[in-house]
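Input: a single structure, listed below in structure tokens.
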Amino acid sequence: VDRSYQCKDVLILAYQSFGVLFGDLSISPLYVFKSTFSGNLSNYQSEDVIFGALSLIFWTLTLLSLFKHVIILLNADDNGEGGIFALYSLLCRHAKFSLLPNHQTADEELSTYHNPRYSYRNPQSLTVKRFAERHKKAKTALLLLVLFGTCLLICVGFLTPAISIRSAIEGVKVRSSELHYGVVLIIACILLVGLFVLQHRGTYRVAFMFAPIVILWSLSIAAIGVYNILKWNPRVYKALSPYYIYAFFRDTRYDGWISLGGVLLCVTGAEAMFADLGQYTAASIRAAFLSKNFAAVSTSFYASIPDSLFWPVLVMATLAAIVASQSVISATFSIVKQCYAIGCFPRVKVVHKSKWFRGQIYIPEINWVLLVLCLAVTVGFRDINHLGNAYGLTYMSAMFVTTWLTALIINFVWGQSLVLALLFALFFGSIEIIFLSSSFIRISKGGWVPLVLSVIFMLIMFVWHYGSRKKYLYDFHNKVPMKQILTLGPSLGIVRVPGIGLIFTALVSGVPATFTRFLTNLPTFYQVAVFVCEKTVLVPYVPQKERYLIGRIGPKSFRMYRCIVRNGYKDVQKNEDDFENDLIMSIAEFIQLEAEGSGTLEGSVDGRMAVVRTSEKFGKRLEISELERNGEASSSMPPTILNSSKSHILQYLQSTYEMESPGSTLRRRVRFKLQPDMNYRDPNVKDELLELVEAKQSGVAYVLGHSHIKAKMNAPCLKRFVIHVAYLFLRKNCRAPAVVLNIPQTCLIE
């Protein structure tokens, strides 16, 4: 059954890839040749120049798309995931490059942490690796490089919709030359607003809606390409010869070098497989037509369409442009999620619905920021060639960052020699530098926009990372000593009331100082205390059975536990009810394994953590019964009041509040019981399990501590500005921790 479901998911994702992935690969015919011939190159109206441009496009795609991305980069995947963060994750797992302060040795035991393909170690790479591991500045430089690359891709997230949709709409001017420029902008803006408004539905619906469009679009440009080749110039295949590249620069010289900024647009979307195939078909269509119609360079794609097919192809091109935009918007959501996961982005709300496939998310804040920026560049750049300059410079800069990260992968992860890594970086890097040198000439003509925004985004990310890391280190060095906890006795010197208190903390060991301050102000706490730490491990996904690490704090009589929830950088938050139930089952399993003398546990005051869900008996220790189905709570009276130690007035108030709160009646209600046929060697184990079950029935409270970070009085002015102004501004204007953790308000204590 599992295998059939996996095959079904693979087929569905393959079908969706036409709408979410290949749309970005097939849209460049709308603007590549127009941007290439936008300058003085339009004065060179010869067949050799047209063929030379096509030859440049073909060999650029062959080298950067086929050889670099398909043959090399697709082998540098992180458990099937690709991109800049996947490369950074691989580097951090094979060398101590990560700046995350909460790494544990137990994280390296995850099944997704090590890859047998990368088990070889080259002794020659140890010297460079040890140098980078010893110097914090080298680690910081690597992180800044990664953040700059991701910021460039975020800029692609609003540049792609702008240039794609606007290029498609401008095709109307081929048949309606008197159409005002403002009308084209209004139509493009309406389509862009509609695209971003529909994002909350998720790529699941979008892909099924758009995949047929891309298929029809691909068939259309293939058919039009055959028509143009046969009608205008069957000799277009000669452009595949590198000789025409030589002839191109021989005839055009400086103007030809400047035009490389437009040629590089052919590799936009080259991060995906088979980019060269789709792009070569599109390029040959236009070259065959242009070789005999030099005057139609600015509108070459639409001018090459037969009259009877113009309007259907125009509609298809517009829809294909929307599909291309969708793919990069989805990728931008994923990039921001990954930055947030490793503490390099302010808190945002990540939406993932159960019917969506794994990894498909929606971030409202980022969606509206992208919309505003997209409309700004669409309206702000009156000349679409300036938009192409910004787009090409952004993509090529991101590819240049990827090249150098891949060189590090070749040396540190694959275990190849340093010479081979340098050869890779120099070969592909020199090609990309040639294109970038041409793009830098166009910085004043639109290229400055993505560079400025990328620097701003990178500063935001680094400031948040710096402040969060300093806060964690302060909490780590000021945690409560275990001796102080032990001297308080089982009652902790306070009144213990029925229920479970989940204290959220970033610490993976020790007791946070905020907990003792809480007890000082309110000298009472729940009978069962669980310190919960949600952390990110530098793997894309953590298997569910390996996610929870459970341990004990202090002696058994203290009823204090620790739970570390390990997530991958692409994992998404699930419903809080599932978390509560999984936590109770995991603690119950830990108690039993500890009593059975499991070799992975020890009874120290802050003992080792155990991955309890891998036990064969997991889920069989307690009996679970459903109390109420989702959505079936009565609307005319408060929900059923469970047996609890709370007074009837408090129970009534809480149940009434839950009924009036949106979505609270949909929460899953379950009851835990001890297995009646379970034999216990130690009666204390039964008492502890019974106390855990009764505490869960009394209720679960989520405790969040708030802390403020301040720079030292003698700190440099720059650090004081970063902490007191920049970081404080970001903290005040991002999502609250309770919203990010999906904590119900009725159970929250701050």
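None of these values were measured; they are calculated from a predicted model.
Within the 3.5 Å criterion, the main-chain N or O of Met461 finds no donor-acceptor partner in the side chain of His465. The closest donor-acceptor contact from the side chain of Arg562 to the backbone of Ile553 lies at 3.5 Å or more, if one exists at all. The closest donor-acceptor contact from the side chain of Ser89 to the backbone of Phe85 lies at 3.5 Å or more, if one exists at all. In this structure, the side chain of Asn478 does not engage the main chain of Asp475 through any donor-acceptor pair within 3.5 Å. At least one donor-acceptor pair under 3.5 Å links the side chain of Asp571 to the backbone N or O of Val542. When atom types are taken as modelled, the side chain of Arg547 and the backbone of Arg566 share a donor-acceptor pair closer than 3.5 angstrom. Using modelled atom types, one side-chain atom of Trp464 and one backbone atom of Phe345 make a donor-acceptor pair closer than 3.5 Å. At least one donor-acceptor pair closer than 3.5 Å links the side chain of Glu546 to the backbone N or O of Ser111. Using modelled atom types, no side-chain atom of Thr536 and backbone atom of Ile342 make a donor-acceptor pair closer than 3.5 Å. Between the side chain of Thr112 and the main chain of Tyr541, a donor-acceptor pair closer than 3.5 Å is present.
Ile591 CD1 to Glu688 CD: the interatomic distance, rounded to the nearest 0.5 Å, is 3.5 Å. A distance of 11.0 Å separates NZ in Lys471 from OH in Tyr474, rounded to the nearest 0.5 Å. Distance check: Ile503 CD1 to Ile749 CD1 gives 9.5 Å after rounding to the nearest 0.5 Å. Going from atom OG1 of Thr140 over to atom CG of Leu142 covers 9.5 Å, rounded to the nearest 0.5 Å. With rounding to the nearest 0.5 Å, the separation of CD1 in Ile500 from CD in Gln697 is 11.0 Å. How far OH of Tyr88 is from CG of Leu538: 7.0 Å, rounded to the nearest 0.5 Å.
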Before giving the answer on salt bridge (charged side-chain N to carboxylate O under 4.0 Å, His left out), spell out for Glu133 and Lys139 the whole-Å C-alpha distance, their side-chain angles and the decisive distance to 0.1 Å.
-> CA-CA 7 Å; Glu133 290 176 345; Lys139 300 179 184 179; over 6 Å; no

Decide ring pair (Phe, Tyr, Trp, His ring centres under 6.0 Å) for Phe531 and Tyr561; before the verdict, give the C-alpha distance in whole Å, the side-chain angles of both, and the deciding distance to 0.1 Å.
-> CA-CA 6 Å; Phe531 292 87; Tyr561 309 93; over 10 Å; no

Lys570 and Glu81: salt bridge (charged side-chain N to carboxylate O under 4.0 Å, His left out), yes or no, with the steps?
-> CA-CA 9 Å; Lys570 295 202 70 175; Glu81 298 294 332; 3.0 Å; yes

Go through Val611 and Tyr548 one step at a time and tell me if the side chain to side chain contact (heavy atoms under 4.5 Å, CB included) criterion holds.
-> CA-CA 6 Å; Val611 186; Tyr548 292 90; over 6 Å; no

Assess whether side chain to side chain contact (heavy atoms under 4.5 Å, CB included) is satisfied between Tyr362 and Phe333, documenting all intermediate values.
-> CA-CA 6 Å; Tyr362 166 69; Phe333 291 155; 3.8 Å; yes

Could you go step by step and tell me if Lys479 and Ser509 meet the side chain to side chain donor-acceptor pair (under 3.5 Å) rule?
-> CA-CA 9 Å; Lys479 58 186 179 182; Ser509 63; 3.1 Å; yes

Would Val528 and Val530 satisfy side chain to side chain contact (heavy atoms under 4.5 Å, CB included), going step by step from the backbone distance to the final call?
-> CA-CA 7 Å; Val528 176; Val530 183; 4.1 Å; yes

Apply side chain to side chain donor-acceptor pair (under 3.5 Å) to Glu580 and Tyr702, showing your working.
-> CA-CA 10 Å; Glu580 288 183 11; Tyr702 296 75; 2.6 Å; yes

Go through the steps for Lys470 and Ile709 under the test side chain to side chain contact (heavy atoms under 4.5 Å, CB included), then give the verdict.
-> CA-CA 8 Å; Lys470 288 294 184 181; Ile709 178 172; 3.9 Å; yes

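Closest of all the heavy-atom pairs between Val700 and Cys747 is O-CB, 3.4 Å. The two residues Glu534 and Asn567 have their closest heavy-atom pair at OE1-ND2, 3.7 Å. When all heavy atoms of Met560 and Arg552 are compared, the pair lying nearest together is O-CG, 3.6 Å. When all heavy atoms are compared, the tightest approach of Gly467 to Ile723 is CA-CD1, 4.2 Å. Ala588 approaches Leu692 most closely through the heavy-atom pair N-CD2, 4.0 Å. Taking both residues in full, the closest heavy atoms of Leu87 and Ala76 are given as CD2-O, 3.7 Å, listed atom of the first, atom of the second, then distance.
Taking the side chain as every heavy atom from C-beta outward, Cys563 and Leu549 never approach each other to under 4.5 Å. Taking 4.5 Å as the limit, some side-chain heavy atom of Pro364 sits within range of a side-chain heavy atom of Val351. Counting only heavy atoms from C-beta outward, the side chains of Tyr340 and Pro346 never approach each other to under 4.5 Å. Using a 4.5 Å cut-off on side-chain heavy atoms (C-beta onward), Val532 and Thr505 make no contact. When side chains are defined from C-beta on, Asp77 does not count as touching Asn79, because their heavy atoms never get closer than 4.5 Å. Taking the side chain as every heavy atom from C-beta outward, Gln592 and Leu689 approach each other to under 4.5 Å. Within the 4.5 Å cutoff, the side chain of Val703 has no heavy atoms near those of the Phe504 side chain. Taking 4.5 Å as the limit, some side-chain heavy atom of Leu91 sits within range of a side-chain heavy atom of Ile409.
Salt bridge annotation for Arg347-Glu365: absent, with no cationic side-chain nitrogen under 4.0 angstrom from a carboxylate oxygen.
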Contacts under 3.5 angstrom, residues 515-525 side chains, donor-acceptor by atom type, not counting sequence neighbours:
residue : atom : partner : partner atom : Å
Thr516  : OG1  : Ala513  : O            : 2.8
Thr520  : OG1  : Thr516  : O            : 2.8
Asn521  : ND2  : Arg517  : O            : 3.1
Thr524  : OG1  : Val495  : O            : 2.8

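A donor and an acceptor atom, one from each side chain of Tyr569 and Asp78, are located under 3.5 Å apart. Side-chain atoms of Ser698 and Glu694 include no donor-acceptor pair closer than 3.5 Å. For the residue pair Glu750 and His706, a side-chain donor N or O sits within less than 3.5 Å of a side-chain acceptor on the partner.
Applying the 6.0 Å contact sphere to NZ of Lys556 captures more than 12 heavy atoms from other residues, nucleotides or ligands.
Every residue meeting the side-chain hydrogen bond (donor to acceptor under 3.5 Å, both in side chains) condition with Arg559, not counting sequence neighbours, appears here in chain and number order: Glu691. For His103, there are no ring-ring contact (aromatic ring centres under 6.0 Å, His included) partners, not counting sequence neighbours.
Both cation-pi conditions hold for Arg93 and Tyr113: the charged atom is under 6.0 angstrom from the six-membered ring centre and inside a 45 degree cone around its axis.
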